[in-house]
Amino acid sequence: MWKFKSLQKPLVFLFLLCLFPLGAMAQSVIKGTVNDETGEPIIGASVRVQGTKVGGITDLDGKFSVQADKNATLVVSYIGYTTETVKLAGRNNITVTLKVDAQTLNDIVVIGYGVQRKSDLTGSVGSVKSDDLKNLSTNDAAAALQGKVAGVNVITNGSPGSGADIRIRGISSNSGALSPLYIVDGLKVNSIQYLDPQMIESIEVLKDGASAAIYGAEAGNGVVLVTTKKGEEGKVSVNYTARATLQNFTRRPLMGRDDFLKYMTYEYGEADVAGKLKDNDFSHPDYAGGVIDQDWIDAYIEPTWSTQHTVSISGGNTKGHFFTALNLIHQNGIVRGDRDVYKRITAQVNADYNVYKWLQVGSNNTIEKWDTKSVSQRSYGSSFEQMMQMDPLTPVYWTEISQMPDKFRTKLDAYENGTSNLRLFRDSHGWFANTMYSDMEGSPFAKRDATDGTNGGFNVHGIFFANLMPLKGLTITSRFGYRLNFSNEHTYSTPYYVGDRGNQETYSIAANTSTGWYYQWENFANYIKKIGKHDFTAMVGMAYHERHSDDSRISASGTDILSSYEPNFRYISNVKKDIPKTTSNSPSVHANMAYYGRLTYNYDNRYLFQANYRADAFDTSKLRGKNRWGYFPSFSAGWTISNEKFFKNNVSTDAVSFLKLRASWGRNGNIAVLDNYPYTAAIAKGNSYYQYHVDQTGSAYGSSPDKLANPDLKWEVSEQTDLGIDARFLRNRLSLAAVFYNKRTRDQLHDVNIAPELGFATVKTNRGEVLNRGIELELGWKDRIGDFSYSVNANLTTIHNDVLSMDGAIPEYKKDASSTNYDIQTVFEEGHTVWHLYGFIYEGVDENGDAKIKNLAGDENIGTEDMTDIGRTIPSFIYGLNINMAWKGFDFMLNGYGQGGNKIVPVLHRAGYKNGLKYYLDNARTPENPGGSLPHPAKILGPDNDFWSSTGNVFKGDYFRIKQLQLGYTIPSKITKKALINNLRVYVSLDDFFTITSYPGLDPETASSATAMAPSAVGLDWGSYPTMKKMILGVNVTF
Amino acid sequence: MQNKMKKIIIPTLFVFALGLVSCEDKLDIAQKGTVSTLNYYASDADAEECLNAMYANFVERVAGSEGIDNPEQVILNYAADDILAAGGHIEDHGAFRVFDEFTYDEANATLKECYTRYVTAIYYANLVISNFTNENHDGVEPKFTSDYTKQCVAEARVMRAYLHMMMAILWNCPAILDHLLQPDELPLQAGSQEQVLDWVVKECETAISSGFLPKRHGTEDKDATARMSVGFAQFVAGKAAMFANDPATARKYLGDLIKSGDYKLIPTDEYWTNFHVSGDGNSEKIFEPNFIYDNSADFWGNTWRSRWMVANVFCWRTDALASMPSACAVSGWNGGAIQEDFAKKFVEHDGNSPRRRACFLTEDEWLYEMEWSGSDLNDGTLAQKKADPKRGISSATGLYSHGPYFEWKHMSFGNPPRILTGGKVYPKDNEPEIMGGASNTKNFNVARYAEALLLYAEACIGADEAEGLKALNEVQARSGSGKISSSLTFENVMEEKQYEMWFENCRFPDLIRWAKQGKVNLDDIFNKRYGGIHKHVPTVYDEFFTEGKSEHKLYTKYTEAHFQPFTEKNMYLPLPRDCRLANGMKNVLGWESLNGETEESAE
């Protein structure tokens, strides 16, 4: 057997040499040795003379020498060990013993209804602590997880105020219910967007089936547990953080004037282009030389500023703690003007108090006020789609009426004469021009301005809790959580004319009021008992949740609806009495209850066992009474080999500090797929209308069965197995976690064809099985060399995704881009990844210059029968890289996130004089470019040409993005103390600034994974709000 | 301390224990806006709602749009020999072309949509019949009956009969769905088309003889055209009998319809209004599901009923034109074109009759008599118009699958054109509040009196020829063509019907029916006549634009479409694959080879 102990010293030394040029840093006056508690020497420990810059590093034998005064104090530190301060008191040769830092080994991790030492975990729980969150510049807790935790894919959208969402270990449902369960301080919430990372103590992600099983039927997509901060014992701390962010977007993938004319000439011929130019091109004073060459991305996007302020005050003593914070955000997106804005104020008040030794009470509360305005994206006719397609020959403005084509001038005249109420949009520089070269709906600016709207509201969240400790080891918790939400949305639009396809003859006005309240009451008891080497914990509890919502909507539309159109009349109250209003209101109630429990057993910190069990019941809107209960067991076990004698005897703890093997199995459910009494058929009253009078309105209402019943319907069920290894090496400096997961989810809700003669073509049935399988790797290194400390953490997750079976259900074909005339589909089908791209196989250019499409069916034509799986839309691997460095007052941080394996199809090409990606010109096979890989543009004119829905138009969605690159400097406290400031840090950060990708469109991140879209539409790029590049200046002050 | 602890702990534990007590009854939450099927179908009010739902389903689904088309209109009309599925180019409007070019298959989405719309409409009729009579699976007596429920049943019976007739015409042997199916029950397929059609006639008779079916009260009674009536039952029975090759029965029912005096052809000059809002409910209409825009009704209800985007399809391809013709309600996509050889024949036969001009315009009418919104010369001289750059076909690629005749029979008029109105004021067809005006509020065509007269005339051949000729002459006289037949022959009736009923769901089923009776040769008609319709697809250009000439002049070039020759199997449609695999029915006549296929092998 080889002796690792004998090898380790040279290895470590070599490693250190590579990292940092070392040398003798002082004359040998004070000598000494640094050992650990077992007497083994510690190599590379930092020895510094307090109050000076003098210091050294221990050598292979743990020895050091520094030049210092005989009465000086030495500070000896090493990563993973407690720092020791030693007074020399005249000695010139000392031995210092460093103790293992229990904090590192005994990190506490929040699990459902309790906590556990990280070293005792038997499941897969990803944990991010406040230290990793404190300098992040995102204001969305979900976005803060991007790249930080293996297995966690964070989905973002660039638009201000659009919250990030999370996918844990792939996708297992054909429904839209893909988000994990979010729990904040024990309270179930719909999203964690409202939480600024600065308010958070830790975020835990329960990834494996066993850990999540304690949340039962709601845990099928994993669980995210957020713990907000509480004050620390000691002095009251006041902290202020301010941030100013300059946002921009600089990618320019579209064709400019010359390229565009070249492409159009290819498509339609010189004569056609000359004719179009002759009729429409004119000398415009806004452009150099009068030649219009408009980059519409430049026009529509401008650099903007966002600001954020956070003040927190916290403190505590042995009796209790408090934490209060106020967070203010004003984010103005990159669309020119103030139509994409997110404003938020969040206040957090957390407090706890030990009334008696055996009674602690407390409450955590969040109050959030938000407002948002947004522009349309990702859809047919959206402002971003128009930005991508508007030709560069059209100016942004008609600054003079003379520049305006006849049909617009006629409309303008009519509007100004009062004979028409169709207005043309404009700003102070001129009217927003529309193209005369094609049938575009209109300028993105007109799209931006077509509807005036506000959307905002309040959310109040919180919990009240009491911990009762009547016996040693027993804690009984009673916890009441609540959520209140109120929001109001108003929209108003007036008749307008942007073009023949973009116009509206009516006014419309709408007001929505949403109110909701929710409460949960949970009672559970934790009991801890230690008998010799046997550690037991037991937990048992119950929960009851009730959710109410009461939303009202009123709207009206017509050619003349308001008593006046002045701004102060644009409210429903001023709608004329005889104008019909559409109204809706249907309050809803949902309730569920649960019993749950957990047993853990730990023998001698070597053998770890855990069992969870939850019984969940949901109300009749989801399941019929007989089916309402679901049962979710889980089991897990761990073996800490490094605590075994035989291991300790043979392997130095310096080399292998910790080694644990673990395995788990658990069952979870996804109840969110069920809603609105899906199992039953009833008579829907008044769900249709007919008019019996030919000459007068007046509707007679009809009622009919709403569907065909399937009383056996139930939730999706996941069963997941994990095998993992956790290890730390080299005195805890190097850490490694590797997990294999295998998650099988069955009983997706699929439509099954039934005889349409039954009145319905399909019935919802639980069918099929989806597999998500992969490996999660986390590798970390942290160390300190003198004043220089650094850490590097990397993670990688692979996701093998496969619809194993549909059990006779119909494959789901979605044509999310059908309105663009693209044939491309996404399909949920047996034997493929969920929602893969379904299109043609492009085999290059044939002898006639046409796109050669593989004829899979072998018949005469190319048609839908020749479509096949042409790529997955969800990534097959994701990875993160986090680097932190600190030297004296400087700190540096790099966070990166990447993904790959997914494919994107841009669905932005259109027939006619519309712009597109320059890629299509650069790669077209033309006389100038005979080696081009794409057909000649004339051969693929319309978006319904098979080429556009083929592998010829499929791009890799791979990218690596440096999410944050931050450099900070903490001003020495001896300076700041004079101003009563404990800590003053300033920083500059570049967020989302650098991206490595081959994707030729706007942004691979939001193109392929934007939130607020159907999961089936992922992979189709319509023109999404891109991730903004951000340059941030920030300051953080602690008093 | 101990005491205090007890005082607090005991109640706390009590509360905790209370929490563990089941509150499961709180999970029973009643569904809003619904009632249980067990308590329903028990009053006149329930019967009325049930009947309303039947009509609502029909007007929104069978008569409404799906995507950019109405499935029934596409399938019945594009397969005819006098209409071409047009579009921007050869690949455009593929969903229409497959029926035009006989390349559809059993997986066709329009086909499935049409089938499911019909059987769902039958299901709605059966909800009335099976719940208010004992005509249900188990022969259970209804919870409630009254004279009113009997009226509802009579109406549902006629609706169900009409839908079965349409299905027999299209699929030859559909199932006879004479009661509401149980969830585990499969439909029973008819043994022959005649069996279905005979059943249809019997059902109509049952409804008529019940005495409860509403009757039209004179030619001015518009509302009677919006629901099932004795007149419509007679029409359906007569038409079904003609398709069952039983002219005697057809004569009886159609003769009764004519004798009732409740229906009358509208005047010649107003022929065009039959296809526009102003003609809704006129004396010529027998049944048209009624639609009026109602801004208090639900958005999608208005949208589908107004046949959103069908309005675009039935307008010329306006992006290829020099400016927008004033009549158009919205920009057009040119979905259906009149076959040019037929159009030429129509012009020769009808001349400038109001009927012909209601269906389509000639080149000169289109260029110079019609108003163009971009032009300042609408009141100018002919010479000025000939050089006017704001009219004509400006696109260098022309109008594909379109000859020099410009159909507008079903166009949604934003401004009813002067050519037809003669300057009188008529309401527009579209509703600007529905989808920016891409809509048509005209009631969907189902049955009008002219078709009844022509069916009757045909039924009278060789029997009651004087009466038959009278009926034929009535249609001819009204047309304004000036042609009046002096004898009742099949050719006379066939020819008149092609003009009178062009693009009204009749031509293709009639050809199939006549072919079965040996009266026409389908191979000649579809594959040989005009040099083969699809070997001879026109594209029309305007040399004013394409060649820079000083005057407008249209010219046509020909290309070949992606087509398959018409064969025997194209007489009827295959059962939609998904439906067939679920309902276990079998195809007949040319599509039988698909029957043995299991779900796996069909993949």
Side-chain angles (χ1 to χ4, degrees), chain A residues 272 358-359 407 439 468 470 476 478 500-501 503-506 521 523 542 544 557-558 580 582 586 589 591 593 617-621 625 628 677 681-685 688-695 697 699-706 708 753-759 761 861 942 944-945, chain B residues 5 8-9 12 15-16 19-20 23-24 26-29 31-37 40 49-50 52-53 55-57 59 89 91 116 119-120 123-124 127 175 177 181 183 186-187 222-223 225-227 280-281 290 292 294-297 301 319 331 396 432-433 436 562 578-579 581-583:
Chain A
D272 201 68
W358 45 270
L359 177 65
K407 66 176 173 185
D439 61 348
L468 197 65
I476 299 170
S478 185
D500 291 337
R501 289 181 57 210
N503 58 71
Q504 178 178 313
E505 300 207 356
T506 55
W521 189 33
N523 295 294
M542 64 74 63
Y544 178 76
S557 70
T582 306
S586 180
V589 187
M593 58 184 297
F618 286 81
D619 67 65
T620 40
S621 73
R628 71 166 45 132
Y677 302 83
I683 301 291
K685 291 283 281 181
S688 61
Y689 68 96
Y690 188 64
Q691 301 153 318
Y692 289 102
H693 303 293
V694 172
D695 275 344
T697 49
S699 297
Y701 285 87
S703 304
S704 57
D706 59 359
L708 207 68
N753 274 331
I754 51 171
E757 290 81 359
L758 287 167
N861 301 318
D944 50 356
N945 186 289
Chain B
M5 191 166 160
I8 294 170
I9 285 181
T12 310
V15 169
F16 183 71
L20 293 172
C23 36
E24 200 177 326
K26 298 201 82 168
L27 302 182
D28 294 323
I29 297 168
Q31 191 174 4
K32 291 189 175 67
T34 64
V35 292
S36 164
T37 47
Y40 204 64
E49 287 181 355
C50 196
N52 296 346
Y55 284 113
N57 173 268
V59 70
H89 47 85
E91 303 297 342
T116 54
V119 294
T120 309
Y123 161 82
Y124 275 88
L127 283 171
L177 300 162
L181 297 184
L186 287 179
K222 289 188 174 185
D223 291 352
T225 68
R227 68 193 311 158
D280 282 353
N290 188 37
I292 306 174
D294 177 358
N295 63 356
S296 67
D319 64 354
S331 54
E433 298 200 21
H562 311 304
D578 289 343
C579 304
L581 292 174
N583 67 19

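Computed from a prediction, not measured in an experiment: that's the story for all the values here. In what follows, chains are A, B, ... by sequence order, proteins preceding strands, each numbered from 1. Basis for what follows: all heavy atoms, side chains included, without hydrogens, waters or symmetry-related copies.
Here the straight-line distance linking atom NE2 of B/His89 with atom CG of A/Asp944 works out to 4.5 Å at 0.5 Å rounding. In this structure, A/Met593 CE and B/Lys26 NZ are separated by 11.0 Å, a value rounded to the nearest 0.5 Å. Expressed to the nearest 0.5 Å, how far CG of A/Asp695 lies from NZ of B/Lys222 amounts to 4.0 Å. A distance of 10.5 Å separates CG of A/Leu708 from CG of B/Leu181, quoted to the nearest 0.5 Å. Between the OG atom of A/Ser621 and the CG atom of B/Leu27 there is a distance of 9.5 Å, given to the nearest 0.5 Å.
Side chain of B/Asn52 to backbone of A/Tyr701: a donor-acceptor contact under 3.5 angstrom is found. Side-chain atoms of B/Asp28 never come within 3.5 Å of backbone atoms of A/Thr620 as a donor-acceptor pair (strictly under, hydrogens ignored). The main-chain N or O of B/Ile292 is found under 3.5 Å from a side-chain atom of A/Gln691 such that the two form a donor-acceptor pair.
Both the backbone and the side chain of B/Val35 come within less than 4.5 Å of a heavy atom of chain A. Heavy atoms of A/Thr582 lying under 4.5 Å from chain B belong exclusively to its side chain. Only the backbone of A/Ile754 comes within contact range of chain B, with heavy atoms under 4.5 Å apart. Residue contact with chain B, scored on non-hydrogen atoms closer than 4.5 Å, involves the backbone and the side chain of A/Ser557 alike. Both the backbone and the side chain of A/Lys685 come within less than 4.5 Å of a heavy atom in chain B. Residue B/Ile29 touches chain A through both its backbone and its side chain, counting heavy-atom pairs closer than 4.5 Å. Residue A/Asp706 touches chain B through its side chain alone, counting heavy-atom pairs closer than 4.5 Å. A/Tyr689 touches chain B through backbone and side chain together, each having a heavy atom under 4.5 Å away.
Closest heavy-atom contact between A/Pro756 and B/Cys579: CG-SG, 3.7 Å. The shortest non-hydrogen separation linking A/Ala755 to B/Leu186 is CB-CD2, 4.4 Å. For A/Gly759 against B/Tyr123, the heavy-atom pair with the smallest separation is CA-CG, 3.3 Å.
The aromatic rings of B/Tyr55 and A/Tyr690 lie parallel to each other, with less than 30° between the two planes, well short of the 60° mark.
When each of B/Gly33, B/Ser36, B/Ala175, B/Ala396 is scored by its heavy-atom pairs under 4.5 Å with chain A, the top score falls to B/Gly33. Contact tally against chain B (heavy-atom pairs below 4.5 Å) for A/Asp619, A/Asp272, A/Thr506, A/Val694: the top residue is A/Val694. The choice from A/Ala681, A/Ser586, A/Pro705 that makes the most heavy-atom pairs within less than 4.5 Å of chain B is A/Pro705. With respect to chain B, the highest number of heavy-atom pairs below 4.5 Å among A/Asp439, A/Val589, A/Asn945 belongs to A/Val589. Most heavy-atom pairs under 4.5 Å with chain A, from the set B/Val119, B/Asp223, B/Thr34: that is B/Asp223. Per-residue counts of heavy-atom pairs under 4.5 Å with chain A were compared for B/Cys50, B/Pro187, B/Gly301, B/Gly436; the largest is that of B/Pro187.
Under 3.5 Å, the side chains of B/Asp294 and A/Ser699 contain a donor-acceptor pair of N or O atoms.
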